[in-house]
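Accompanying notes for the structure given below.
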Amino acid sequence: MARLAFLLLAFSLFASASLFHPVSCGCLENKTVSLFIFGDSFFDVGNKKYIFNPEHPHESCVPSQYWPYGRFFDNPNGRFSDGSIVPDYIGGFLELEPIPPFEEVKKVLPQGANFASAGAAVSSETKPEITLGEQVEKFEKLKSEWVAVADRSVILISIGAHDYLSHFRWKNQSIYNDPDSVVQNVVNDIIAKVHKLFQLGVRRFGFQNVGPLGLLPTVKQEANCTGQEPILNLLAVKHNEALKKMLEHLAEKIAHEEKEKGVLRYSILDFFGAIKRRVDNPSPYGLKEAERACCGVGEYHAVGCALLDKKGCPAPSGFVFFDGVHNTQHVNEQLAHIFWEADKPVVYPQTLKDLVADIKPFDLLEEY
């Protein structure tokens, strides 16, 4: 029964990623690419329950295991949305089989692996259940399983939101007194991990930057504010500027000091700008509600989504936010298309499609 459920989920994910806008997606045909995914709840496909309760993962109280999460699939599956998330669509554009949570399969599959988990952070200072560094360590330990496809691989990363939200909730005065230092510590750590992944053999990276945290329904509900929480948006802006600048610097450094290893190539999705535009003016994007979440209780419907069971969020497609933090499948699909083939400056300095365009077709490979 469990195998049947997984196969049904796999078919649904592949269908959702390949059938939406089949002409405009510009999918790659006959390409061999492996996709490795790191980060937090925006990219989590079900790892959280295994990290939260490794002995009895199906008994853990992780919201994404319960209705109405996964409503599109008629099956809560660990994704913090009503359906597919951005990496699902990117995998579909790459014509890959669905990538299950790494903590479930404990191995690298031909299509790649997903290490992302809800609550993950960059810094251990915020006491997350897992850090980006620990995800990278798991990846490194399995090098023998993926080293042959390293030069045909892409790493997707979404990380940083938990670091800043934790400082805000703990009322850490450093984010007010010295926000630049807080941001620099986080971004320095990300760059160090990217450099390590490059040294392990991966050359292509895709980053979803930090979104407008001050506009999240959960933040507005917690802070009892009617507009936005300025310090969180400031931190996100500073983070995204620093990430862009330091990735440019790392690429230049590698080009001068490690050029024999190859070129660092990357793509950054302006997640901040994409979400803010949809919140400020939802209707051009086919959306109706941008302030409140679709699923939850409270003024902004920001908490308790999983407590509502099947009654929660019966029609999510008109909402920017599914719960107090995460986006609906409708928005995730739009974001994935942007990441894949949008113009600058929404994606910088190149799209994911351009990032993988030089990967050889199957019939030109000597081995796989």
Side-chain angles (χ1 to χ4, degrees), residues 9 12-13 16-17 20 39-49 61-90 101 114 116-120 158 161-162 165 208 210-222 228 269 271-272 274-280 282-283 285-339:
L9 170 60
S12 299
L13 284 175
S16 68
F20 289 132
D40 52 27
S41 53
F42 289 103
F43 284 3
D44 187 0
V45 294
N47 283 306
K48 172 74 171 181
K49 65 184 179 185
C61 298
V62 176
S64 58
Q65 289 186 180
Y66 303 97
W67 278 87
Y69 291 96
R71 177 181 289 281
F72 178 83
F73 304 113
D74 197 27
N75 174 36
N77 52 56
R79 289 160 176 78
F80 283 81
S81 182
D82 55 303
S84 296
I85 57 176
V86 170
D88 295 324
Y89 289 105
I90 300 304
N114 187 320
S117 177
S158 167
H162 184 81
L165 287 170
Q208 175 175 292
V210 173
L213 302 176
L215 295 176
L216 294 177
T218 186
V219 169
K220 292 194 286 188
Q221 190 160 306
E222 289 175 18
Q228 58 180 311
L269 168 65
F271 183 50
F272 184 103
I275 296 302
K276 191 173 188 306
R277 283 189 292 275
R278 284 157 176 77
V279 171
D280 291 344
S283 59
Y285 304 98
L287 302 164
K288 296 179 180 179
E289 175 58 60
E291 295 290 327
R292 296 176 299 125
C294 184
C295 180
V297 297
E299 183 179 359
Y300 291 95
H301 298 182
V303 297
C305 178
L307 300 176
L308 300 180
D309 199 56
K310 294 187 179 183
K311 296 179 181 179
C313 192
S317 62
F319 287 76
V320 174
F321 299 103
F322 179 69
D323 62 14
V325 176
H326 308 95
N327 304 114
T328 58
Q329 174 178 266
H330 182 62
V331 171
N332 287 332
E333 181 191 353
Q334 293 177 353
L335 293 170
H337 279 277
I338 293 170
F339 210 169

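All residue numbers refer to positions in the sequence shown, counting from 1.
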Please round to the nearest 0.5 Å and tell me the distance separating atom [atom1] of [X] and atom [atom2] of [Y].
X	Y	atom1	atom2	result
Asp82	Cys295	CG	SG	9.5 Å
Thr328	Leu287	OG1	CG	6.5 Å
Gln65	Asn75	CD	CG	11.0 Å
Ile275	Gln334	CD1	CD	8.5 Å
Phe42	Phe271	CZ	CZ	4.5 Å
Ile85	Phe43	CD1	CZ	7.5 Å

Flag the pair [X] / [Y] as yes when at least one side-chain heavy-atom distance between them is below 4.5 Å, and no otherwise.
X	Y	answer
Val297	Val303	yes
Ser81	Asn332	yes
Tyr66	Leu308	no
Arg79	Tyr69	no

Exam field: side chain [X] to backbone [Y], donor-acceptor pair closer than 3.5 Å:
X	Y	value
Glu333	Ser84	no
Gln208	Val210	no
Asn327	Val320	yes
Arg71	Gly312	yes

Evaluate whether the separation between SG of Cys313 and SG of Cys305 stays below 2.5 angstrom.
->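 Looking at Cys305 and Cys313, their sulfur gamma atoms do not lie closer than 2.5 Å, so the answer is no.
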Ring pair (Phe, Tyr, Trp, His ring centres under 6.0 Å) against Phe321, all qualifying residues, sequence neighbours excluded =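 Phe321: no ring pair (Phe, Tyr, Trp, His ring centres under 6.0 Å) contacts found.
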Where is the tightest heavy-atom contact between [X] and [Y], given as atom of each residue plus distance?
X	Y	result
Ala120	His162	O-CB, 3.3 Å
Pro101	Gly46	CB-C, 3.7 Å
Leu335	Ala274	CD2-CB, 3.6 Å

Just one of Asp40, Val325, Asp44 clears the side chain to side chain contact (heavy atoms under 4.5 Å, CB included) bar with Phe80, so which one?
->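 It is Asp44; the other options fail the test.
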Below 4.0 angstrom, N of the basic side chain to O of the carboxylate: do Lys220 and Glu299 qualify?
->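 A salt bridge is absent here (no side-chain N lies under 4.0 Å from a carboxylate O).
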Partner residues of Lys49 under the salt bridge (Lys or Arg N to Asp or Glu O under 4.0 Å) criterion, sequence neighbours left out =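 With sequence neighbours excluded, Lys49 shows a salt bridge (Lys or Arg N to Asp or Glu O under 4.0 Å) to no residue whatsoever.
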